[in-house]
Number of protein chains: 2
Amino acid sequence: MVQALSRRDRVRAATTQEILQTARRLLVEQGPTAVTLRAIAREMGMTAPALYRYFDSHDELLRHLVADIFTDLADHVRGAIHAVHVGPAGRSEDEVLGAMLIAGCREFRAWTLEHVPEFSMIFGSPLPGLEVLHEMSADPTVDCGYQFGQVFLELFGNLYRKRPFAIPADDEIQPSLRNQLRRYREIVGSDLPLGALQTFLRCWVLLYGTVSLEAFGHMEFALQDASPMFELMLADLAPMVGLEYLSSDRAVVRLAR
Amino acid sequence: MVQALSRRDRVRAATTQEILQTARRLLVEQGPTAVTLRAIAREMGMTAPALYRYFDSHDELLRHLVADIFTDLADHVRGAIHAVHVGPAGRSEDEVLGAMLIAGCREFRAWTLEHVPEFSMIFGSPLPGLEVLHEMSADPTVDCGYQFGQVFLELFGNLYRKRPFAIPADDEIQPSLRNQLRRYREIVGSDLPLGALQTFLRCWVLLYGTVSLEAFGHMEFALQDASPMFELMLADLAPMVGLEYLSSDRAVVRLAR
DNA sequence: TGACAATCGTAAACAGTGTATGCCAAGTTT
DNA sequence: AAACTTGGCATACACTGTTTACGATTGTCA
């Protein structure tokens, strides 16, 4: 029973979006400390208390901003994955899936480096006060976070189902981890074996570590350009999912024997 | 020509330390937003402007705090490494070095999980305004950061020299990375081959990624207890430095054949 | 169409924050 | 003893999030 939005509701939604866009622009142009209620209002030709008609607090505004950024990132990764489809033909479906996974990882890094402030917002140290919000509350942050994870998980699952790679058997997984993976599998509603989920999480650790290290500048003590380290990471990641890492330049992957 | 500190200088140094201790206590007990000049002064029975006699600004105070935390972490890791010495005898010197490396990684994680606010401060998203401070300025942060890195690098070097493990040859390293590694080697004054430094950085990526993911809570979408993932990471890391990962419980490592 | 009520904006105020200025007492140096 | 440096204070300014009371516009309904 979806009711058509009244004109009033539409302008309200538009204003809400404009607030978030302004907040994001401030975040990008002037850093996280600049995204204050007064600054947002000033940019929009309003006063700060007016924003309370749209968000209960500064924190809630930030949470919605985080959710927005999450979906933006997810969209970009999804887009990069879909773009592989239109690539040169002649590849097996398996190879396309492999290329998609690598392309998704690359896009994750590319987006991050182009949006460091946003990345810090969603993947940096948890913002004070924005942290311990339990699952019951309808927090848009966690929903969009899950949704982002699903982008990778679905692709990962497709690849595994199309061309299963080596994963640990259930009894090879550490018992405590096994139980947690079972719970995780229920939450995301997946049908993958636990070993595949373990591999998935290990890949996530690799990807996140490499990219966040570079984005946060915690690698500059040694390297100014960390892209070779990212390629090394891909070379580690590929065989974990049955791919053979070939060229760093052309993003080519082959199926491992 | 080291002059003895006058009584005045000593009390000044003591006060400076007390300020930093108070700041850290506020950070731990009430989060990063609570470490304000006024709060620090209030805790010490002073007023905020008085703190400007010791630090030029709030930023500089935070930078010194970061430096303090860095050396604290380095001390803990060093301590854990040295504690291996007094372990059960009968092991070859190589095996002791391997056990030290694993112990250092474990301590890094343990310290982090016990000091999440501090960890966020030094390894989280760069604080606004505290970021682009170039090398020329005498920033205590970068010095202590380097010093922390040296703890692991020295141990890593000792292990490699005592029992060299497989590393890529110079011409197997990507050219851009090779040049950067050469520069890095000069800065830290090491005599290790470039391939060893590459392996070192790859280990750092693994360690940082796993631990920060857990500390920042960006793994909770799947796991509440990420310790099994840490053990999996160690199992990945060990063979990179010629060690055989055996038991997750007893922190035992053997030399790989 | 007129009355009512919800909505959205404002201005003012409060308790915080970092920071700059000026003043003053105490300790150090000459 | 005189001069000077040091380390504290009170004050003030601009900024923050948030609350309150008030107005004006707008949609709804009798």
Side-chain angles (χ1 to χ4, degrees), chain A residues 3-27 29-66 121 127-131 133, chain B residues 3-27 29-66 121 127-131 133:
Chain A
Q3 195 121 24
L5 270 66
S6 71
R7 216 174 64 88
R8 206 186 192 125
D9 285 346
R10 261 183 290 128
V11 41
R12 181 184 173 86
T15 308
T16 305
Q17 272 312 105
E18 189 188 346
I19 292 174
L20 291 175
Q21 284 174 17
T22 308
R24 181 157 172 184
R25 190 161 49 79
L26 286 170
L27 169 68
E29 294 176 355
Q30 307 180 40
T33 60
V35 46
T36 70
L37 289 181
R38 282 187 163 88
I40 298 172
R42 195 183 312 128
E43 295 278 317
M44 297 178 62
M46 305 189 353
T47 61
L51 299 177
Y52 280 81
R53 303 288 177 183
Y54 301 88
F55 299 98
D56 285 344
S57 70
H58 186 229
D59 265 22
E60 201 204 319
L61 193 156
L62 289 186
R63 254 188 285 273
H64 281 263
L65 180 57
V66 166
M121 198 88 174
L127 298 201
L130 195 142
E131 19 198 345
L133 198 60
Chain B
Q3 195 118 25
L5 271 63
S6 70
R7 214 175 64 88
R8 199 183 197 133
D9 287 346
R10 260 182 291 125
V11 42
R12 181 183 174 87
T15 309
T16 305
Q17 271 314 105
E18 188 188 346
I19 292 174
L20 291 176
Q21 285 175 16
T22 308
R24 179 156 174 184
R25 190 161 48 78
L26 285 170
L27 168 68
E29 294 176 355
Q30 307 180 38
T33 61
V35 46
T36 70
L37 289 181
R38 281 185 161 88
I40 298 171
R42 197 184 310 127
E43 295 277 317
M44 296 177 64
M46 305 187 353
T47 62
L51 298 176
Y52 280 83
R53 303 291 176 178
Y54 300 88
F55 299 97
D56 283 345
S57 70
H58 186 230
D59 266 22
E60 201 205 317
L61 193 156
L62 289 187
R63 254 187 285 274
H64 281 263
L65 180 58
V66 166
M121 198 88 174
L127 299 199
L130 195 142
E131 21 197 347
L133 199 59

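Throughout, protein chains are lettered first and strands after them, A, B, ... in sequence-line order, and every chain is numbered starting at 1. Computed from a predicted structure; not experimentally measured.
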Whole Å only: how far is the [atom1] atom of [X] from the [atom2] atom of [N]?
{"X": "A/Asp56", "N": "C/dC8", "atom1": "CG", "atom2": "C1'", "result": "15 Å"}
{"X": "B/Arg42", "N": "C/dA15", "atom1": "CZ", "atom2": "P", "result": "14 Å"}
{"X": "B/Ile40", "N": "C/dT17", "atom1": "CD1", "atom2": "C1'", "result": "12 Å"}
{"X": "B/Arg53", "N": "D/dT6", "atom1": "CZ", "atom2": "C1'", "result": "7 Å"}
{"X": "A/Arg10", "N": "C/dT7", "atom1": "CZ", "atom2": "P", "result": "17 Å"}
{"X": "A/Leu51", "N": "D/dT16", "atom1": "CG", "atom2": "C1'", "result": "13 Å"}
{"X": "A/Leu26", "N": "D/dG17", "atom1": "CG", "atom2": "P", "result": "11 Å"}
{"X": "A/Met44", "N": "C/dT10", "atom1": "CE", "atom2": "P", "result": "10 Å"}

By the 4.0 Å heavy-atom rule, please label A/Ser57 as base, sugar-phosphate, or nothing.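 Sugar-phosphate only.
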Which part of the nucleic acid does A/Tyr54 contact within heavy-atom distance under 4.0 Å: base, sugar-phosphate only, or nothing?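 Sugar-phosphate contact only.
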For [X] and [N], is the shortest distance between a side-chain N/O and OP1 or OP2 below 4.0 Å?
{"X": "B/Thr47", "N": "D/dC9", "result": "yes"}
{"X": "A/Arg12", "N": "C/dA6", "result": "no"}
{"X": "B/Tyr52", "N": "C/dT19", "result": "yes"}

Please round to the nearest 0.5 Å and tell me the distance separating atom [atom1] of [X] and atom [atom2] of [Y].
{"X": "A/Arg53", "Y": "A/Ile19", "atom1": "CZ", "atom2": "CD1", "answer": "12.0 Å"}
{"X": "B/Ile40", "Y": "B/Phe55", "atom1": "CD1", "atom2": "CZ", "answer": "8.5 Å"}
{"X": "A/Leu37", "Y": "A/Met46", "atom1": "CG", "atom2": "CE", "answer": "10.0 Å"}
{"X": "B/Glu43", "Y": "B/Glu29", "atom1": "CD", "atom2": "CD", "answer": "7.5 Å"}
{"X": "A/His58", "Y": "A/Arg38", "atom1": "NE2", "atom2": "CZ", "answer": "11.5 Å"}

By nearest atom, which of the nucleotides D/dG8, D/dG17, C/dG18 is closest to the A/Leu37 side chain?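 Of all the options, the side chain of A/Leu37 is nearest to D/dG17.
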Among C/dT17, D/dT18, C/dT21, which is the nearest nucleotide to the side chain of A/Ala48?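 The listed nucleotide nearest to A/Ala48's side chain is D/dT18.
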Ignoring hydrogens and angles, answer whether the base of C/dG16 and the side-chain atoms of B/Arg38 contain a donor-acceptor pair closer than 3.5 Å.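 Under the 3.5 Å cut-off, the side chain and the base do not form any donor-acceptor pair.
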